[in-house]
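Report on the structure given below.
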There are 2 protein chains.
Amino acid sequence: MLLRVFTPVRRRSVSDEVFDQLKARIVRGEMEAGASLPSERKLAELLGVNRGALREALKRLEQARLVSIQHGGTTRVEAFLDTAGMDLLTEMLFVEDGGIDTTVVRSVMEMRSALAPDIARLAALRATDDHKDALLDVVGQMESMARDRAARQRLAMTFWGTMVAASRNVAYRLAYNTLNRSYQQFFEVMTDVLADELDDLAAYRAIADAIDRGDTASAERRASALVSKGADQVFGLVDALEADTTKGTP
Amino acid sequence: MLLRVFTPVRRRSVSDEVFDQLKARIVRGEMEAGASLPSERKLAELLGVNRGALREALKRLEQARLVSIQHGGTTRVEAFLDTAGMDLLTEMLFVEDGGIDTTVVRSVMEMRSALAPDIARLAALRATDDHKDALLDVVGQMESMARDRAARQRLAMTFWGTMVAASRNVAYRLAYNTLNRSYQQFFEVMTDVLADELDDLAAYRAIADAIDRGDTASAERRASALVSKGADQVFGLVDALEADTTKGTP
DNA sequence: AGAGGTAAACTGGTCATACCAGTTGTCGGG
DNA sequence: CCCGACAACTGGTATGACCAGTTTACCTCT
């Protein structure tokens with residue numbers, strides 16, 4: 001962790017700031033779906049920014065399908081649960097006061113559990129020799145770092161990244177990019193939470209071997225078992241957190 | 001189809017046009033990853049647009065993670081397969097001359113097949129009474145339109161939308177929004193392609209019933225069987241298309 | 001009084017221009 | 001040869017004007 005003592009100063013531009021602020025307000029339900037935003041001129045004045053900077057933010061909100069803009073009409077808030085894409089997951093992970101939304105964490109882990117087995121199956125079906133070599137190599141590295149779980153965690157990310165590439169499924173690959181991004185926000189915490197999964201070196205080896213010999217059934221089964229370990233741990237954790245929360249606010 | 005005789009004139013703004021053009025060029029590989037774009041001033045002049053309009057497009061490309069912008073530095077093309085989100089699927093579906101990319105279609109259907117069973121399982125686990133009623137109602141409507149497949153296809157979309165909502169998994173819900181959007185671009189074609197699936201009214205009924213009584217195993221199994229029907233048809237079609245293509249260009 | 005149409009007053013969309021704020025490279029002095 | 005200051009880039013922000021749609025209110029005609 002010595003590498004991260006100094007957090008890089010992230011200079012945030014005005015339009016980024018505006019985008020994040022409006023996005024947060026919409027996702028937290030402070031502006032209900034269907035409601036009209038103030039006109040660009042008024043909103044820019046309210047926020048104390050230039051109209052151009054505001055427009056950059058609004059166009060991005062439109063692309064994220066959080067608002068819909070109509071030339072001549074007003075800009076309205078969308079029902080984002082029915083329109084937005086997975087990119088919103090990282091925003092929804094956090095609740096107002098810095099806490100995390102356990103239902104979102106559970107959702108992400110459920111999706112991971114559903115996708116990983118099929119990714120492994122397809123990888124066994126379609127992996128090129130390069131992919132196979134890369135997988136076996138990564139697993140070898142993991143085995144050589146049996147005592148450093150955090151290092152293996154980073155290698156596991158490489159492992160799954162290679163798996164997704166080997167599956168040759170572009171939908172999985174793009175979904176993985178987004179899921180991975182939300183995962184990285186909890187990277188340090190996950191080192192302990194996913195201990196059972198990360199310590200199961202035999203499973204990673206078995207998956208790589210199965211893919212190497214094109215054994216789809218075995219790859220699928222082993223991958224399912226592996227990610228279930230981490231998922232079960234996370235489910236237990238979020239269940240406990242939810243029990244605490246409901247108990248704490250009677 | 002009488003309702004759609006007149007296609008609404010979709011006035012496209014300058015910044016939308018620029019965004020689409022640059023996005024297409026990047027996705028088609030005409031600008032390789034890591035390459036620098038011309039400066040905003042030059043690019044605006046090349047495109048014949050104002051710098052502000054160009055910036056709106058560039059900020060959207062950055063949000064889609066197709067480019068990375070650095071204050072003071074140059075704007076560079078990203079390796080979008082490793083960065084972009086699922087929203088890019090709709091763009092990648094189409095190849096330069098208007099044809100479709102069969103590998104993308106296959107990817108989407110594979111993802112659908114992987115997610116649908118788990119969505120059904122979770123729906124059986126978590127559906128509220130309102131969700132159950134809505135599902136049973138939709139299935140009832142489908143059964144009453146046994147002869148109009150296109151109408152049932154629209155109802156099937158409602159069915160799955162309700163299923164996803166009932167699963168209470170926000171990751172599935174957001175992914176569904178994106179997948180559904182790409183699906184709707186082929187809506188008319190799919191009426192025939194998915195005939196086997198859409199005609200299996202008993203399956204929809206079985207799933208709704210299983211969810212109504214909280215039978216997770218049955219819901220999962222029936223959903224898996226149902227979507228497999230459509231997937232198999234699509235796989236057969238794209239396999240044939242690919243065989244034609246490779247044969248046509250020796 | 002009601003229906004119709006027209007104009008004014010909104011809304012977002014585009015533009016030109018200037019300047020601020022970073023980064024990069026170059027050139028001169030130590 | 002090293003190093004620091006200064007151009008000359010780059011993107012970021014701001015102002016103000018005008019274009020292009022939509023909505024509304026009012027006025028006219030039936």
Side-chain angles (χ1 to χ4, degrees), chain A residues 6-23 25-26 31-78 80 83, chain B residues 6-23 25-26 31-78 80 83:
Chain A
F6 295 100
T7 302
V9 285
R10 191 165 303 166
R11 276 171 281 269
R12 301 169 49 73
S13 74
V14 171
S15 81
D16 288 354
E17 202 83 46
V18 171
F19 174 73
D20 282 344
Q21 180 176 336
L22 293 176
K23 179 175 66 171
R25 291 197 58 179
I26 293 171
M31 320 185 78
E32 62 181 337
S36 284
L37 265 59
S39 74
E40 292 182 355
R41 292 168 178 83
K42 286 181 186 172
L43 191 49
E45 188 183 354
L46 287 174
L47 294 167
V49 303
N50 180 272
R51 191 177 158 210
L54 170 64
R55 274 186 60 82
E56 288 181 5
L58 287 176
K59 289 293 272 186
R60 290 174 62 193
L61 288 171
E62 182 187 37
Q63 186 186 345
R65 301 183 204 278
L66 296 177
V67 306
S68 70
I69 305 176
Q70 185 191 15
H71 187 180
T74 61
T75 298
R76 293 176 178 278
V77 178
E78 290 266 26
F80 64 89
T83 56
Chain B
F6 295 101
T7 302
V9 284
R10 191 166 302 168
R11 278 171 280 270
R12 300 171 49 74
S13 73
V14 171
S15 80
D16 288 354
E17 202 83 46
V18 172
F19 174 73
D20 283 344
Q21 181 176 335
L22 292 176
K23 179 176 66 170
R25 292 197 58 178
I26 293 172
M31 320 184 79
E32 61 181 337
S36 284
L37 266 60
S39 74
E40 292 182 355
R41 291 166 178 83
K42 286 182 185 170
L43 192 49
E45 189 183 355
L46 287 173
L47 294 168
V49 303
N50 181 271
R51 193 178 156 209
L54 170 64
R55 274 187 59 83
E56 288 181 3
L58 286 177
K59 288 293 273 186
R60 289 174 62 193
L61 288 171
E62 182 187 35
Q63 188 187 345
R65 302 182 203 278
L66 296 177
V67 305
S68 69
I69 305 176
Q70 185 191 16
H71 187 179
T74 61
T75 298
R76 292 175 179 280
V77 178
E78 290 266 26
F80 64 89
T83 57

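Just so it is clear: chains get the letters A, B, ... in the order the sequence lines come, proteins before strands, and each one is counted from 1.
The side-chain contact (heavy atoms from CB on, under 4.5 Å) check on B/Gln70 picks up nothing, with sequence neighbours excluded. For A/Gln63, the side-chain contact (heavy atoms from CB on, under 4.5 Å) criterion is met by B/Phe19, B/Arg60, B/Gln63, B/Ala64, not counting sequence neighbours. Annotation: salt bridge (charged side-chain N to carboxylate O under 4.0 Å, His left out) contacts of A/Arg51 (sequence neighbours excluded): A/Glu40. In terms of the side-chain contact (heavy atoms from CB on, under 4.5 Å) criterion, B/Asn50 has no residue partners (sequence neighbours excluded). Residues forming a salt bridge (charged side-chain N to carboxylate O under 4.0 Å, His left out) with A/Arg41 (at least two apart in sequence, or on another chain): none. Residues meeting the side-chain contact (heavy atoms from CB on, under 4.5 Å) test with B/Glu62, sequence neighbours left out: B/Lys59, B/Val67, B/Ile69.
With the end axes of the helix from C/dA1-D/dT30 to C/dG30-D/dC1 each set by five pairs, the angle from one to the other reads 10° at 10° resolution.
Straight-line distance from the CD atom of B/Glu17 to the P atom of C/dG13: 15 Å, rounded to whole Å.
Using a 4.0 Å cut-off between a side-chain N of Lys or Arg and a carboxylate O of Asp or Glu, A/Glu78 and A/Arg65 do not qualify as a salt bridge.
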Which side-chain N or O atoms in residues 32-39 of chain A pair as donor and acceptor under 3.5 Å with protein atoms at least two apart or in another chain?
from: A/Ser36; atom 1: OG; to: A/Thr74; atom 2: OG1; distance (Å): 2.9
from: A/Ser36; atom 1: OG; to: A/Arg76; atom 2: NH1; distance (Å): 3.3
from: A/Ser39; atom 1: OG; to: A/Lys42; atom 2: N; distance (Å): 3.3

Each nucleotide of nucleotides 10-17 of chain D classed B (base within 4.0 Å of a protein heavy atom), S (only sugar-phosphate) or -, in 5' to 3' order, makes BBBBBB-B

